[in-house]
Structure formats: C-alpha cells, structure tokens
Asker: 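Attaching a single structure in structure tokens format; questions to follow.
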Amino acid sequence: QVQLVESGGGLVQAGGSLRLSCEASGGILSINDFAWYRYPPGKQRELVARITPGGRIDYVESVKGRFTISMNNAKNKVNLQMNSLKLEDTAVYYCNAKVIRWQVPHEAIEYWGQGTQVTVFS
C-alpha cells in the first residue's frame, strides 16, 4: 500500500518559483533515496535531483544553483524548491523513491508518484 503523492505544480512566469512536495506513506520502514524526475515535452525522462537519508545530493547540471532538494526529519517527504524557472523547465515532474517495507525489510522496491505538471511561460 505504498503511495507517493505529489503537489505544488502549476503555471509560473519565467524567472518565478515553485515548490514541489512528495509524501510517502504505507508500511514504510525506510527510504533508500528520494528523487525527482521530469518528462519535458518530446524529450527523454530526466533525473532532476536525488537525495539520500545519509545526505548525498545530486542535481542535473541544468538546474544547479536554481533548484534545491530537501527531506523532512521523518524522512517520508521530499521537497523541490525551484527558483529562476526557465521555459525549458516545463515538464511533468515525478516523485520517485526506493522503499524498504516492514513486511520485507531485506529488499528495496521502486515507487513512482502520478506526476505534477509544471508550465513556465514567457
């Protein structure tokens, strides 16, 4: 019954900001890593940012200095603060997590959210 629920997408003018959130729930023992992916129109899926409970953070080069990924203290929610948005940031953004469940604590399973639309206009 693990679920990832995203929120925070919308329309924003170039140069503006949006904050995406993703909350995980349902029999979770721990999360090995939390990430945001995106599908720009007509392009391949792209890893935008990733964070681990140990604090390792990675960003795709195009968002460095503009986006910030963070995790809450309970380690069940991840945020993506997006500043100085550009037209090329327009995409459907998906939350992704590798989850260890109480029922099977020896393995991690990958889960995806349903996606949230981010549209940047000039």
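Just so it is clear, the structure is predicted and the values come from calculations on it, not from any experiment. Nothing fancy with the numbering, it's 1 onward along the sequence.
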Asker: Tell me yes or no: between the side chains of N79 and Q81, is some donor less than 3.5 Å from an acceptor?
Answerer: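 On atom types as modelled, these side chains do not qualify, holding no pair under 3.5 Å.
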Asker: I need the N96 CG to L4 CG distance, nearest 0.5 Å.
Answerer: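 Here the rounded value is 7.5 Å.
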Asker: If Ile, Leu, Val, Met, Phe, Trp and Tyr residues are connected whenever their side-chain heavy atoms lie under 4.5 Å apart, and connections chain through other members, are I109 and V78 in the same group?
Answerer: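 Hydrophobic grouping puts I109 with V78.
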Asker: Following the transitive rule for hydrophobic clusters with a side-chain heavy-atom cut-off under 4.5 Å over Ile, Leu, Val, Met, Phe, Trp and Tyr, establish whether I57 and V60 coincide in one cluster.
Answerer: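 Yes, I57 and V60 fall within the same hydrophobic cluster.
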Asker: Quick one: do V118 and L87 end up in the same hydrophobic cluster if we chain Ile, Leu, Val, Met, Phe, Trp and Tyr together by side-chain heavy atoms under 4.5 Å apart?
Answerer: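 They do share one cluster, since a chain of ILVMFWY contacts under 4.5 Å joins V118 to L87.
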Asker: Report the C-alpha distance between D89 and R66 in whole Å, list the side-chain angles of each, state the deciding distance to 0.1 Å, and finish with yes or no for side-chain contact (heavy atoms from CB on, under 4.5 Å).
Answerer: CA-CA 11 Å; D89 294 319; R66 301 188 297 118; 2.8 Å; yes
Asker: Can D58 and R50 be counted as an ion pair, charged N to O under 4.0 angstrom?
Answerer: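 Here D58 pairs with R50 in a salt bridge, since their nearest N and O are under 4.0 Å apart.
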Asker: Are a donor atom and an acceptor atom from the side chains of D33 and T52 found within less than 3.5 Å of each other?
Answerer: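 Judged by distance alone, the side chains do not pair up.
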Asker: Heavy atoms only: give me the nearest A108-N32 pair and the separation to one decimal.
Answerer: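 Nearest heavy atoms, A108 then N32: CB-ND2, 3.5 Å.
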Asker: Using every non-hydrogen atom in the two residues, find where R38 and A91 come nearest and quote the distance to one decimal.
Answerer: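 Heavy atoms of R38 and A91 come nearest at CB-CB, 3.8 Å.
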Asker: Does the side chain of W112 come within less than 4.5 Å of C95's, by heavy atoms?
Answerer: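 Sidechains of W112 and C95: no contact.
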Asker: I need the S122 OG to Q13 CD distance, nearest 0.5 Å.
Answerer: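 Answer for the OG-CD pair, S122 versus Q13, is 8.0 Å.
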Asker: As an exercise, state the distance from CD of E107 to CZ of R101, rounded to the nearest 0.5 Å.
Answerer: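 Those atoms lie 6.0 Å apart.
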Asker: Rounded to the nearest 0.5 Å, what separation is found between the CD1 atom of I28 and the CD atom of Q1?
Answerer: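 These two atoms lie 11.5 Å from each other.
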Asker: Does a donor on one side chain and an acceptor on the other come within less than 3.5 Å for R45 and Y37?
Answerer: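 No, no side-chain donor-acceptor contact under 3.5 Å.
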Asker: For the residue pair L18 and G8, what are the closest heavy atoms and their distance?
Answerer: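 It is CD2-O, 3.9 Å.
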Asker: What closest approach, in Å, do P53 and I31 show between heavy atoms, and which atom pair accounts for it?
Answerer: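 Looking at all heavy atoms of both residues, the closest pair is CG-O, 2.8 Å.
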Asker: About how many Å separate CD of Q117 and OH of Y93, when rounded to the nearest 0.5 Å?
Answerer: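 Going from the OH atom of Y93 to the CD atom of Q117 covers 9.5 Å.
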Asker: Quick one: do F67 and W36 satisfy ring pair (Phe, Tyr, Trp, His ring centres under 6.0 Å)? Show the steps, please.
Answerer: CA-CA 11 Å; F67 291 10; W36 287 97; over 10 Å; no
Asker: Taking the side chain as every heavy atom from C-beta outward, state whether R56 and I51 have any atom pair closer than 4.5 Å.
Answerer: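 They are not in side-chain contact.
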Asker: Distance alone, cut at 3.5 Å: any donor-acceptor contact between the side chains of S25 and E23?
Answerer: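 Absent: no donor and acceptor within the cut-off.
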Asker: Does any N or O in the side chain of E110 come within less than 3.5 Å of the main-chain N or O of K98, such that one atom is a donor and the other an acceptor?
Answerer: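 Flag not set: sc E110 to bb K98 has no pair under 3.5 Å.
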Asker: To the closest 0.5 Å, what do you measure between CD (Q114) and OH (Y94)?
Answerer: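 Going from the CD atom of Q114 to the OH atom of Y94 covers 8.0 Å.
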Asker: Taking the side chain as everything from C-beta on, heavy atoms only, tell me whether V63 gets closer than 4.5 Å to V48.
Answerer: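 In contact.
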Asker: Can you give me the closest heavy-atom contact between G26 and V2, atom names plus distance?
Answerer: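 What the structure gives for the nearest pair is O-CG2, 3.0 Å.
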Asker: Under a single-linkage definition using a 4.5 Å side-chain heavy-atom cutoff for Ile, Leu, Val, Met, Phe, Trp and Tyr, are Y111 and M71 assigned to the same hydrophobic cluster?
Answerer: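 In one cluster with Y111: M71, yes.
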Asker: State, with a plain yes or no, whether a side-chain heavy atom of V92 is found less than 4.5 Å away from one of T116.
Answerer: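 They are not in contact (no side-chain heavy atoms under 4.5 Å apart), so the answer is no.
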Asker: Can you give me the closest heavy-atom contact between K64 and Y59, atom names plus distance?
Answerer: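 Closest pair (atom of K64, atom of Y59, distance): CE-O, 3.5 Å.
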